[in-house]
Amino acid sequence: MAVLAPRRSLKSRAIQLLAQREHSRVELQRKLMAHARAEVREATPAAQSTADAADDAGESQAQAAQRVADLLDWLEAQGHLSPQRFVESRVHARAGRFGNLRIRQELAQHAMALPAEAVLALNGSELERARTVLARKYKAAPHDSAEQARRARFLASRGFSPETIRQALRRASTEDAP
């Protein structure tokens, strides 16, 4: 006879997720909604007809969304969920491998934006970061224009701006030339 473990609360799940790493509000809401819907479904009795079931499904969705929103508000008020910390951690984790365009795009997916001081810092270091990423991937100088184009596409896929790519490739070819 197996003993079932008790279901964890939404708050417990949220705190565990936040203990592992910083999350945005959007990301945490997405992760918690499935659990909230399951809890609301378990708490409500089975519907008698399909029309009632459709109405109950809409109500349970609204109840689950409200429970998650209330929990996220509480987490923000307690300082467990912080948009500033999320942006800082995402920029710190991505800056060594990606360009400004990619970092901004990732933050936009989380409904966040870079603060002005972070924009200035990233803009000032983008060329050096592009050169570092390029040097890590390619040890030798490009031998023809096709290789130069391959490297440009690589840097573009990493989110570096066209001007930064041109400068990084120009410096890489002049430094490696005899």
Side-chain angles (χ1 to χ4, degrees), residues 1-126 129-130 132-133 136-137 154-161:
M1 186 182 234
V3 177
L4 296 176
R7 292 199 81 125
R8 291 180 27 226
S9 68
L10 280 179
K11 185 188 290 186
S12 169
R13 289 177 191 277
I15 290 175
Q16 179 188 15
L17 289 168
L18 289 169
Q20 293 169 353
R21 70 170 175 84
E22 293 294 334
H23 286 69
S24 69
R25 185 179 179 100
V26 171
E27 182 180 26
L28 200 55
Q29 179 179 7
R30 180 183 51 78
K31 289 181 178 184
L32 294 175
M33 276 303 293
H35 300 292
R37 281 192 296 266
E39 285 182 8
V40 169
R41 260 184 299 197
E42 288 175 3
T44 58
Q48 304 302 330
S49 70
T50 56
D52 290 341
D55 289 344
D56 288 347
E59 288 177 26
S60 68
Q61 178 76 9
Q63 288 174 342
Q66 186 59 46
R67 288 191 62 211
V68 170
D70 291 344
L71 175 61
L72 294 175
D73 291 341
W74 181 85
L75 289 168
E76 280 186 12
Q78 298 300 313
H80 299 298
L81 181 64
S82 169
Q84 295 82 14
R85 280 197 320 261
F86 174 78
V87 169
E88 288 170 8
S89 71
R90 187 55 54 116
V91 167
H92 177 72
R94 301 293 193 248
R97 298 179 316 178
F98 298 108
N100 296 354
L101 298 173
R102 171 81 175 262
I103 293 170
R104 283 189 184 128
Q105 183 264 334
E106 280 190 26
L107 289 175
Q109 288 178 341
H110 294 275
M112 304 268 182
L114 279 172
E117 61 273 0
V119 170
L120 291 174
L122 286 174
N123 285 342
S125 68
E126 187 174 36
R129 289 184 290 124
T132 302
V133 167
R136 199 176 316 143
K137 174 85 172 171
F154 169 72
L155 288 175
S157 73
R158 292 295 184 107
F160 291 99
S161 69

Non-hydrogen side-chain atoms of M112 and V26 separated by less than 4.5 Å: no
Main-chain N/O of R97 paired to R102 side chain as donor or acceptor, under 3.5 Å: no
Interatomic spacing from CZ in R85 to CD in E88 - rounded to 0.5 Å: 9.0 Å
Smallest separation among heavy atoms of A14 and L71, with atom names: CB-CD2, 4.0 Å
Atom of S161, atom of L101 and distance for their closest heavy-atom approach: CA-CD1, 4.0 Å
Gap between atom CG of L81 and atom CG of L18 - 0.5 Å precision: 6.0 Å
Side chains of R25 and F86 in contact at under 4.5 Å (non-hydrogen atoms): no
Nearest heavy atoms of A130 and L155, plus distance in Å: O-CD2, 3.8 Å
Closest non-hydrogen atom pair between G159 and E126, with its separation: O-OE2, 4.0 Å
Residues in side-chain contact (heavy atoms from CB on, under 4.5 Å) contact with S9, at least two apart in sequence or another chain: K11, S12
Main-chain N/O of A95 paired to R129 side chain as donor or acceptor, under 3.5 Å: yes
E27 side, atom CD; R30 side, atom CZ - distance, nearest 0.5 Å: 6.0 Å
H35 to K31 - nearest heavy-atom pair and separation: CD2-O, 3.4 Å
Enclosure of K137 NZ (heavy-atom neighbours >12, cutoff 6.0 Å): no
Distance in Å, L72 CG paired with Q29 CD, rounded so as to fall on 0.5 Å steps: 6.0 Å
Derivation and outcome, side-chain contact (heavy atoms from CB on, under 4.5 Å), residues N100 and V119: CA-CA 8 Å; N100 296 354; V119 170; over 6 Å; no
From CD1 (I103) to CZ (R90), nearest 0.5 Å: 10.5 Å
Smallest separation among heavy atoms of F98 and F160, with atom names: C-CZ, 3.7 Å
Contact check, side chains of L122 and R94, non-hydrogen atoms, under 4.5 Å: no
Close side-chain approach of H23 to H80, heavy-atom, < 4.5 Å: no
Rounded distance (nearest 0.5 Å) linking atom CZ of R67 with atom CD of Q63: 9.0 Å
Side-chain heavy-atom pair V68, L28 within 4.5 angstrom cut-off: no
Check: S82 side chain, G79 main-chain N or O, donor-acceptor pair, under 3.5 Å: no
